[in-house]
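Each chain gets a letter, A, B and so on, in the order its sequence line appears, and its residues count up from 1.
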Amino acid sequence: MTDYFIPRSAELSLCFSEPLFLQDVNDRWSLQHPQLYCPGQKNQYFNKKAFASCVMHSCYSSLILFFIPWAAMRDTVRDDGKDIANYQSFALLTQTCLLIVVFTQLCLDTYYWSAVNHFFVWGSIAAYFAITFTMYSNGMFYIFTSTFPFVGTARNSLNQPNVWLTIFLSSLLCILPVVAFRFILIQLRPTINDKVRYKMRKEVLPAPAPRRLLRRRSTRSGYAFSHSQGYGELITSQNFLMKRPLKRASLFPQTDSPIFQNQPQHYLDHQQIKKLTDSMNGGLSLLLKRRVAILVT
Amino acid sequence: MASSYNAKEEDGHHSGASSGAGAAKNRKPDNTAFKQQRLPAWQPILTAGSVLPAFFVIGLIFIPIGIGLYVTSNNIREFEIDYTGESSNSPCYSCAKNVTWNSTEPCFCTVNFTLERPFESNVFMYYGLSNFYQNHRRYVKSRDDRQLNGDPSSLRNPSKECEPYRTSGDLPIAPCGAIANSLFNDSLVLYYIDSNNSQSEVPLVKKGIAWWTDKHVKFKNPGGNSNLTAAFQDLGHSTAKPVNWRKAVYELDPSDPENNGFINEDFIVWMRTAALPTFRKLYRIIQKKPGATPTLPSGNYVLHITYNYPVLSFDGRKRMILSTISWMGGKNPFLGIAYITVGSICFFLGVVLLIIHHKYDNRNTSADIPS
């Protein structure tokens with residue numbers, strides 16, 4: 001009735017804030033793998049097929065969100081024998097099921113959980129319950145009697161175990177097919193997005209390990225390092241360069257992707273190189289000196 | 001694409017450009033983690049290591065919960081008897097045929113039944129109605145919550161939502177609206193027939209059947225609970241009873257001022273509209289007896305009905321239900337069965353996904369990203 005705007009406002013606050021801070025692949029990886037932009041150009045995520053699958057998913061969710069509470073509330077009562085299958089409790093139950101399903105679906109779709117995302121997601125759920133209990137409180141009923149007739153509904157139905165079991169069941173029934181379907185798709189037909197994110201996840205972990213060794217000022221030369229096993233990735237990737245954002249374009253142009261070939265190359269004179277190498281860590285500067293020496297000569 | 005690259009925006013020439021045109025503002029966002037979207041974040045992906053155990057755990061949790069719910073529901077005792085009287089061989093047939101809203105004389109009928117098993121602990125007596133749409137939108141809105149909360153101005157001038165049950169003649173109706181007008185007014189009294197064929201009345205408690213918040217917050221009598229006749233019938237602002245009622249609202253239970261007027265618990269229970277067309281509402285409570293005596297021993301019972309409520313005109317049905325309850329409420333095996341089913345499906349799906357993962361994962365790890 002008049003209070004269906006609560007779930008809408010909670011959802012809207014979430015929906016408008018989420019996209020501002022969402023990213024599945026960061027800028028460095030996006031530049032390394034420009035094929036990531038192909039699905040967008042080919043309209044792979046926004047076409048009639050995607051719309052049809054969205055409609056089917058919505059229909060399924062709507063059926064679950066009505067019929068599970070209906071079947072659970074039919075001919076049942078509270079644990080003290082009093083009424084629970086009344087209009088207001090049923091509305092609250094369905095509304096809460098819907099909200100929990102929406103939040104869980106949003107959590108599934110959020111790939112980038114920064115502090116801001118956490119705040120908005122958990123904050124929205126908390127806001128929903130806070131607003132619900134406030135709207136169904138005695139105070140609001142006394143002040144605005146006709147507008148808030150649901151007084152006592154939240155207190156009397158949300159303390160029932162079978163209400164929470166119903167909410168849990170309907171949200172799980174809505175989410176499980178989505179998770180199973182996505183998992184099967186990742187296994188059978190991984191998209192470019194899935195592959196890059198999987199690779200990103202794997203490569204984040206080994207990177208810190210070689211740095212520890214380099215800081216110990218090894219007696220081996222940088223040239224020898226670059227030829228020993230395990231540091232090929234570190235040398236050829238721009239990991240250590242991008243950690244400290246330089247005000248200049250990259251020293252080592254990427255040859256494996258077409259975009260970089262279009263950018264003009266910057267060559268530094270000796271003073272600039274000296275300044276650059278002095279600002280880096282001792283171990284790394286050795287490597288860099290060797291490499292730069294090869295370039296400028 | 002290369003030709004559109006603007007040489008002025010290169011980083012290498014940054015110092016030259018800014019010193020030359022000092023007034024030109026640098027539009028580049030700050031190099032902070034927030035503005036460059038480099039905030040530390042957890043970036044989960046759906047891997048076999050997280051999804052498969054989750055499916056198995058959910059399956060293993062749901063199945064015992066489902067079994068618990070199903071067993072609890074099965075242990076609840078419930079007895080239901082329909083007393084509409086639509087067929088000629090039912091005891092209340094003549095009452096069903098003769099009773100209308102305008103009848104002045106009450107009609108009585110009796111129904112005999114037998115309880116196979118005794119009922120332990122508190123037993124709750126409900127009346128159930130079928131094909132009665134208390135969830136019809138116009139019906140649900142047809143009430144005045146201000147009037148029911150004891151507001152004197154709403155008592156004299158009820159809300160427009162109550163139309164056409166707002167005034168009767170020239171007087172405002174208290175309580176107004178279609179919900180109040182259709183108040184269920186059958187009386188049910190239960191007798192136990194013991195081995196000597198003597199009838200002993202089963203004590204029925206009529207208080208404690210409505211929600212506490214309804215009785216103490218939502219519904220209030222105008223001007224307090226004492227002297228209700230004066231409150232409703234004062235000269236200058238008297239009110240009329242609803243059209244279908246036989247008694248006025250201050251005569252609902254004159255013997256108990258805490259249960260009279262708007263705070264009458266039967267009235268409050270009726271005003272809490274049901275969500276579905278087949279519903280049950282709490283009528284009376286049979287409290288448990290001290291010791292090991294069952295509350296309702298097995299045997300023969302007779303139900304004395306004062307048949308006031310006509311339902312045959314809209315093909316409705318009336319019934320009386322006796323039920324015990326548990327921590328999950330009344331008898332409803334659906335949740336138990338649903339949990340067992342979902343748990344099994346989840347477990348089975350976990351096995352299927354494990355097979356798929358085992359077969360296709362080798363392909364994934366060596367998959368190269370095509371350029």
### Task
Go through the structure and list residues passing disulfide (SG to SG under 2.5 Å) with C162(B), not counting sequence neighbours.
C176(B)

#### Entry: Per-residue contact mode, I321(B) against chain A (heavy atom under 4.5 angstrom)
neither

### Query
When the ring planes of W113(A) and W122(A) are compared, do they come out parallel, tilted or perpendicular, using 30° and 60° as the limits?
parallel

### Options T278(B), L52(B), L353(B), I345(B), ranked by heavy-atom pairs under 4.5 Å with chain A, top entry
L353(B)

## Note on the structure
If you tally heavy-atom pairs under 4.5 Å between each of T76(A), N156(A), V151(A) and chain B, the highest tally belongs to N156(A)

### Summary
Turns out that what part of F141(A) lies under 4.5 Å from chain B's heavy atoms comes down to side chain

### Query
Which one of I65(B), L69(B), T273(B) has the most heavy-atom pairs closer than 4.5 Å to chain A?
T273(B)

### Task
Sort out for me which of G152(A), A180(A), G81(A) touches chain B most, counting heavy-atom pairs under 4.5 Å.
G81(A)

### Query
In terms of heavy-atom pairs under 4.5 Å with chain A, which of I356(B), N135(B), V51(B) leads?
V51(B)

### Query
Do F168(A) and F62(B) make the cut of ring centroids closer than 6.0 angstrom?
yes

## Note on the structure
Counting heavy-atom pairs under 4.5 Å with chain A, the top scorer among V352(B), D145(B), L282(B), N332(B) is N332(B)

### Query
Are R280(B) and D75(A) side-chain neighbours, meaning at least one heavy-atom pair lies under 4.5 Å?
yes

### Summary
Cut-off 4.5 Å, heavy atoms of chain B, and the answer for S89(A) is side chain

### Message
Taking every non-hydrogen pair under 4.5 Å, which of L108(A), N86(A), N162(A), L169(A) racks up the most with chain B?
### Response
N86(A)

### Query
Can you tell which of K218(B), E161(B), M328(B) has the highest number of heavy-atom pairs within less than 4.5 Å of chain A?
K218(B)

### Query
Quick one: what part of A54(B) sits under 4.5 Å from any heavy atom of chain A, side chain, backbone, both or neither?
neither

### Message
If you apply the rule side chain to side chain donor-acceptor pair (under 3.5 Å), what do you find for S153(B) with R146(B), and how did you get there?
### Response
CA-CA 9 Å; S153(B) 59; R146(B) 278 191 187 279; over 6 Å; no

#### Entry: Student check: side-chain heavy atoms of Y142(A) and F148(A) closer than 4.5 Å
no

### Message
Taking side chain as everything from C-beta outward and backbone as N, CA, C, O, which of these in L173(A) sits under 4.5 Å from a heavy atom of chain B? Side chain, backbone, both or neither.
### Response
side chain

#### Entry: Electrostatic pair K207(B)-E265(B), nearest N-O below 4.0 angstrom
no

### Query
Quick one: are the ring centres of F347(B) and F56(B) less than 6.0 Å apart?
yes

### Query
Contact part of V342(B) toward chain A, heavy-atom cut-off under 4.5 Å: side chain, backbone, both or neither?
side chain

### Message
Taking every non-hydrogen pair under 4.5 Å, which of L349(B), I285(B), N122(B), N149(B) racks up the most with chain A?
### Response
N149(B)

### Aromatic ring pairing Y136(A)/F150(A), orientation class (parallel under 30°, perpendicular over 60°, tilted between)
tilted

### Engaged part of A85(A) at the chain B interface, taking heavy atoms whose separation is under 4.5 Å
backbone

### Task
Below 4.5 Å from any heavy atom of chain B, which atoms of R74(A) appear? Answer side chain, backbone, both or neither.
both

## Note on the structure
Interatomic distance, CG@L322(B) vs OG1@T295(B), rounded to 0.5 Å, equals 11.0 Å

### D144(B) with K160(B): basic N within carboxylate O range, under 4.0 Å
no

